Trainee: 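Take this structure first; my questions come after.
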Amino acid sequence: MSQAQTDSKTSFVLRRGRPHELGLLATLSTDVFHPRGAWFSILQNVKHTLIVWDLQAQFYNRFYKWPEIASSFEPPISEYRYALLVASLSNGNAIGMTELCVAPCPIDKDVLEGLGLSLSAPYLSNLAVMEKYRMEGIGKALVRWCEELSIEWGHSVIFLHVDVANVNAINFYKRLGFQQQTRDVTWYKRIGREDMSEQDQIVMYKLLDSNLHSLKDGKAIQDDDLSLQE
Ligand SMILES: CC(C)(COP(=O)(O)OP(=O)(O)OC[C@H]1O[C@@H](n2cnc3c(N)ncnc32)[C@H](O)[C@@H]1OP(=O)(O)O)[C@@H](O)C(=O)NCCC(=O)NCCS
């Protein structure tokens, strides 16, 4: 069951991503992260194709890199988990999206152990809201859903990477209670994306409180599509 969010200007619904819309979601992601330019369209098409491949690989659980990396960590990630979350208008058109998967957590091992946390944790990525619909609570609703899912998956921390130059997103995540950990210049290299390894990334994380997230306005968000991997 999806849940309508009515406390913002635009009425939107949170739901799982569906197989037939991966191309459209890749377009949304490309438009947000690699905006179109007159002479830039070829590069944008390449980016779009790469994002479609990434989405398909994650969606159908063929993205071998995560389990491969995870197996070198102790304790290993025994169960692969992934969710593609979408905010859409009532006509079904996606206006925002994000991905969540369990991955090796790049927070300092000492910090993790000090907090009693395991070395793998839910990793939020590709959070994107179409420009026209920003500042209406859509990004926040998607992050909150990720937090609820993380708790359902048995975790008490969620983490993400953000480009050091993306001050808007850093402020947004801080507003939602995320803390900054360390810069991680090797992250993309470690997950096999050497093409992106030059990007300077900040790790942010948030400790989750299951008591705060168990119910939202009296109704828990529920999964509506059992065909998705989880
Ligand atoms: C970052 C992004 C997802 C935020 O989505 P959004 O739907 O506009 O954010 P929301 O409306 O849910 O904002 C939630 C809170 O964060 C605050 N916020 C949002 N953008 C902010 C910004 N740029 N600076 C400071 N605070 C911000 C809002 O004021 C709101 O605060 P409130 O809860 O006190 O009212 C969106 O701007 C986006 O898609 N950016 C481009 C892609 C991107 O950078 N993604 C992150 C990659 S790691």
Side-chain angles (χ1 to χ4, degrees), residues 3-15 17 24-37 40 44 47-48 50-51 54-55 58 82-90 93-101 103 105-107 121-150 157-185 187-188 191 193 196-206 208-209 212-213 216-217 221:
Q3 187 179 12
Q5 312 284 308
T6 51
D7 56 346
S8 69
K9 210 169 84 186
T10 302
S11 176
F12 64 94
V13 167
L14 293 181
R15 60 170 174 79
L24 285 173
L25 293 175
T27 303
L28 193 162
S29 176
T30 313
D31 285 346
V32 167
F33 289 107
H34 312 284
R36 239 173 270 264
F40 199 60
Q44 215 215 17
K47 292 274 185 190
H48 180 267
L50 290 174
I51 292 173
D54 262 9
L55 281 176
Q58 293 268 29
Y82 172 74
L84 176 59
L85 310 180
V86 171
S88 68
L89 299 174
S90 51
N93 289 352
I95 53 174
M97 63 174 284
T98 193
E99 294 179 89
L100 185 73
C101 71
C105 190
I107 298 172
Y123 175 61
L124 186 159
S125 60
N126 282 331
L127 174 66
V129 174
M130 285 168 69
E131 201 164 355
K132 176 178 173 190
Y133 298 104
R134 288 186 194 157
M135 300 302 279
E136 296 192 32
I138 296 170
K140 180 165 147 181
L142 285 165
V143 173
R144 291 282 184 253
W145 193 6
C146 287
E147 292 175 5
E148 293 186 12
L149 266 182
S150 301
V157 65
I158 183 169
F159 75 100
L160 54 89
H161 280 85
V162 57
D163 191 307
V164 70
N166 193 348
V167 178
N168 283 340
I170 293 170
N171 288 336
F172 162 81
Y173 289 123
K174 281 185 180 163
R175 184 91 192 125
L176 298 192
F178 281 76
Q179 302 177 53
Q180 191 168 321
Q181 173 61 15
T182 47
R183 281 193 182 196
D184 183 356
V185 289
W187 175 252
Y188 282 114
I191 63 168
R193 291 295 298 267
M196 299 172 81
S197 63
E198 294 308 312
Q199 291 188 25
D200 207 0
Q201 301 284 316
I202 285 174
V203 178
M204 299 186 84
Y205 71 99
K206 180 173 176 180
L208 303 173
D209 182 343
L212 290 179
H213 284 274
K216 191 174 174 188
D217 302 325
I221 292 177

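Start at 1 and go down the list; that is how both ligands and their atoms are numbered. Please read these numbers as outputs of a predicted model, since none were measured by experiment.
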Trainee: What is the minimum heavy-atom distance between Leu176 and Arg144, and which atoms define it?
Mentor: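 Minimum heavy-atom separation between Leu176 and Arg144: O-NH1, 3.9 Å.
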Trainee: Does the side chain of Gln44 come within less than 4.5 Å of Asp31's, by heavy atoms?
Mentor: yes
Trainee: When you compare the side chain of His161 with that of Val203, does any pair of heavy atoms fall below 4.5 Å?
Mentor: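 With C-beta onward as the side chain, the pair touches.
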Trainee: Closest non-hydrogen protein atom to atom 42 (C) of ligand 1, residue and atom name please, with distance?
Mentor: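 Answer for atom 42 (C) of ligand 1: Val32 CG1, 3.4 Å.
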Trainee: Is atom 35 (O) of ligand 1 close to the protein, meaning a heavy atom under 4.0 Å from it?
Mentor: no
Trainee: Under 3.5 Å, is there a donor-acceptor pair between the side chain of Ser150 and the main chain of Cys146?
Mentor: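 Side chain of Ser150 to backbone of Cys146, a donor-acceptor pair under 3.5 Å: yes, one is there.
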Trainee: May I ask you to check if ligand 1 and Val129 share an N or O to N or O distance below 3.5 Å?
Mentor: yes
Trainee: Is the shortest side-chain heavy-atom distance between Tyr173 and Leu124 below 4.5 Å?
Mentor: yes
Trainee: Which atoms of ligand 1 have any heavy atom of Gly137 under 4.0 Å away?
Mentor: 10 (P), 11 (O), 12 (O)
Trainee: When you compare ligand 1 with Arg175, is there at least one nitrogen or oxygen pair between them that comes in under 3.5 angstrom?
Mentor: yes
Trainee: Looking at every non-hydrogen atom in both residues, tell me the closest pair between Phe172 and Gly139 and how far apart they are.
Mentor: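 Shortest heavy-atom separation between Phe172 and Gly139 comes out as CZ-C, 3.6 Å.
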Trainee: When you compare ligand 1 with Phe33, is there at least one nitrogen or oxygen pair between them that comes in under 3.5 angstrom?
Mentor: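 Min N/O separation from ligand 1 is not below 3.5 Å for Phe33.
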Trainee: Report, in ascending order of atom number, the atoms of ligand 1 lying under 4.0 Å from any heavy atom of Ala169.
Mentor: 44 (O), 46 (C)
Trainee: Determine whether any heavy atom of Glu131 lies closer than 4.0 Å to an atom of ligand 1.
Mentor: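 The answer is no: ligand 1 sits nowhere under 4.0 Å from a heavy atom of Glu131.
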Trainee: Looking only at protein heavy atoms, which one is nearest to atom 37 (O) of ligand 1, and what is the separation?
Mentor: Arg134 CD, 3.2 Å
Trainee: If you count the atoms of ligand 1 from 1 in the order shown, which ones are under 4.0 Å from a heavy atom of Ala128?
Mentor: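 Numbered from 1, ligand 1 contributes 39 (O).
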Trainee: Under 4.5 Å between any side-chain heavy atoms of Pro122 and Leu149, yes or no?
Mentor: no
Trainee: So for ligand 1, is Gly139 a polar contact partner (N or O within less than 3.5 Å, distance only)?
Mentor: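 Yes, at least one N or O pair falls under 3.5 Å.
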Trainee: In terms of side-chain heavy atoms, does His48 have a donor or acceptor partner in Thr27 at a distance below 3.5 Å?
Mentor: yes
Trainee: Which pair of non-hydrogen atoms, one from Gln180 and one from Ile170, has the smallest distance, and what is that distance?
Mentor: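 Heavy atoms only, the tightest pair is OE1-CG2, 4.4 Å.
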Trainee: Which ligand 1 atoms does Asn171 reach within 4.0 Å, using its non-hydrogen atoms?
Mentor: 24 (N), 25 (C)
Trainee: For ligand 1, which atoms, with element, lie under 4.0 Å from some heavy atom of His161?
Mentor: 48 (S)
Trainee: Which atoms from ligand 1 have a heavy atom of Asn168 less than 4.0 Å away?
Mentor: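 That gives atoms 22 (C), 23 (N), 24 (N) of ligand 1.
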Trainee: Which protein heavy atom lies closest to atom 9 (O) of ligand 1, and at what distance to 0.1 Å?
Mentor: Phe172 CE1, 3.4 Å
Trainee: For ligand 1, which atoms, with element, lie under 4.0 Å from some heavy atom of Lys140?
Mentor: 12 (O), 14 (C), 33 (O)
Trainee: Please state which protein non-hydrogen atom is closest to atom 20 (N) of ligand 1 and give its distance, to 0.1 Å?
Mentor: Met135 SD, 3.4 Å
Trainee: Would one find an N or O of Tyr173, backbone or side chain, under 3.5 Å from an N or O of ligand 1?
Mentor: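 N/O-N/O distance under 3.5 Å: no.
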Trainee: Specify the closest pair of heavy atoms between Ala128 and Phe33, including all atoms of both residues, with the distance to one decimal.
Mentor: CB-CE1, 3.8 Å
Trainee: Looking at atom 45 (N) of ligand 1, what's its closest protein heavy atom, distance included?
Mentor: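 Among all protein heavy atoms, the one nearest atom 45 (N) of ligand 1 is Leu127 O, 2.8 Å.
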Trainee: Minimum heavy-atom separation for Leu28 to Met97, with atom names?
Mentor: CD2-CG, 4.2 Å
Trainee: Looking at Glu99 and Tyr82, would you say the former's side chain and the latter's main chain have a donor-acceptor pair under 3.5 Å?
Mentor: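 No; judged by distance alone, with no hydrogens or angles, the pair does not exist.
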Trainee: Below 3.5 Å, N or O to N or O, backbone or side chain included: is there any such pair between Asn166 and ligand 1?
Mentor: yes
Trainee: Nearest heavy-atom pair of Ala141 and Leu14: which atoms, and what distance?
Mentor: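 Looking at all heavy atoms of both residues, the shortest contact is O-CD1, 3.8 Å.
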Trainee: Tell me the contacting part of Asn126 for ligand 1: side chain, backbone, both, or neither, using a 4.0 Å heavy-atom threshold, strictly below.
Mentor: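 Asn126 to ligand 1: no contact under 4.0 Å from either part.
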Trainee: Does the protein place any heavy atom closer than 4.0 Å to atom 2 (C) of ligand 1?
Mentor: no
